[in-house]
Amino acid sequence: MSIGMLLVTVSIAGTALGFFIATLLEEIRVKKARRTNEIKARSRILASLKEEHEKEIIEQIFRTVDAIHEDTERSLGRLLGRLKDLLSMN
């Protein structure tokens with residue numbers, strides 16, 4: 001094989017290898033970007049779920065506090081009624 005043919009073969013092989021490496025690096029970059037986007041989306045979804053869960057907990061706390069307040073009001077009303085009854089007996 002002549003030196004000219006050898007140089008052409010090496011040149012073609014180098015070009016093919018360069019193209020292969022560039023394609024491979026681009027594929028790696030695209031996959032990394034996709035993974036990054038998936039992680040960001042997952043984080044947003046989890047944050048949204050956490051926020052909704054916290055809202056539900058706060059709403060449940062308010063409902064419980066309201067129920068306790070209503071129960072306390074009824075108990076206080078009964079207690080005051082009994083005290084009036086006791087005071088009126090004397």
For Glu51 and Lys55, run salt bridge (Lys or Arg N to Asp or Glu O under 4.0 Å): C-alpha distance rounded to whole Å, both residues' side-chain angles, the deciding distance at 0.1 Å, then the answer. CA-CA 6 Å; Glu51 185 178 324; Lys55 284 180 184 178; 3.6 Å; yes
If you measure from [atom1] on [X] to [atom2] on [Y], what distance do you get to the nearest 0.5 Å?
X	Y	atom1	atom2	value
Ile45	Glu38	CD1	CD	10.5 Å
Ile58	His53	CD1	NE2	10.5 Å
Ser75	Ile68	OG	CD1	11.5 Å
Thr72	Leu79	OG1	CG	12.0 Å
Leu87	Lys84	CG	NZ	10.0 Å
Ile12	Leu7	CD1	CG	11.0 Å

Go through Arg42 and Ile39 one step at a time and tell me if the side chain to side chain contact (heavy atoms under 4.5 Å, CB included) criterion holds. CA-CA 5 Å; Arg42 217 176 294 138; Ile39 290 170; 4.2 Å; yes
Salt bridge check: are [X] and [Y] linked by an N-O gap of less than 4.0 Å?
X	Y	answer
Arg29	Glu26	yes
Arg63	Asp66	no
Lys31	Glu27	yes

Side chain to side chain contact (heavy atoms under 4.5 Å, CB included) between Glu56 and Gln60, worked out: CA-CA 6 Å; Glu56 290 173 6; Gln60 183 62 40; over 6 Å; no
When hydrophobic residues are tied together by side-chain contacts of less than 4.5 Å, even through go-betweens, does Leu25 share a cluster with Leu17? yes
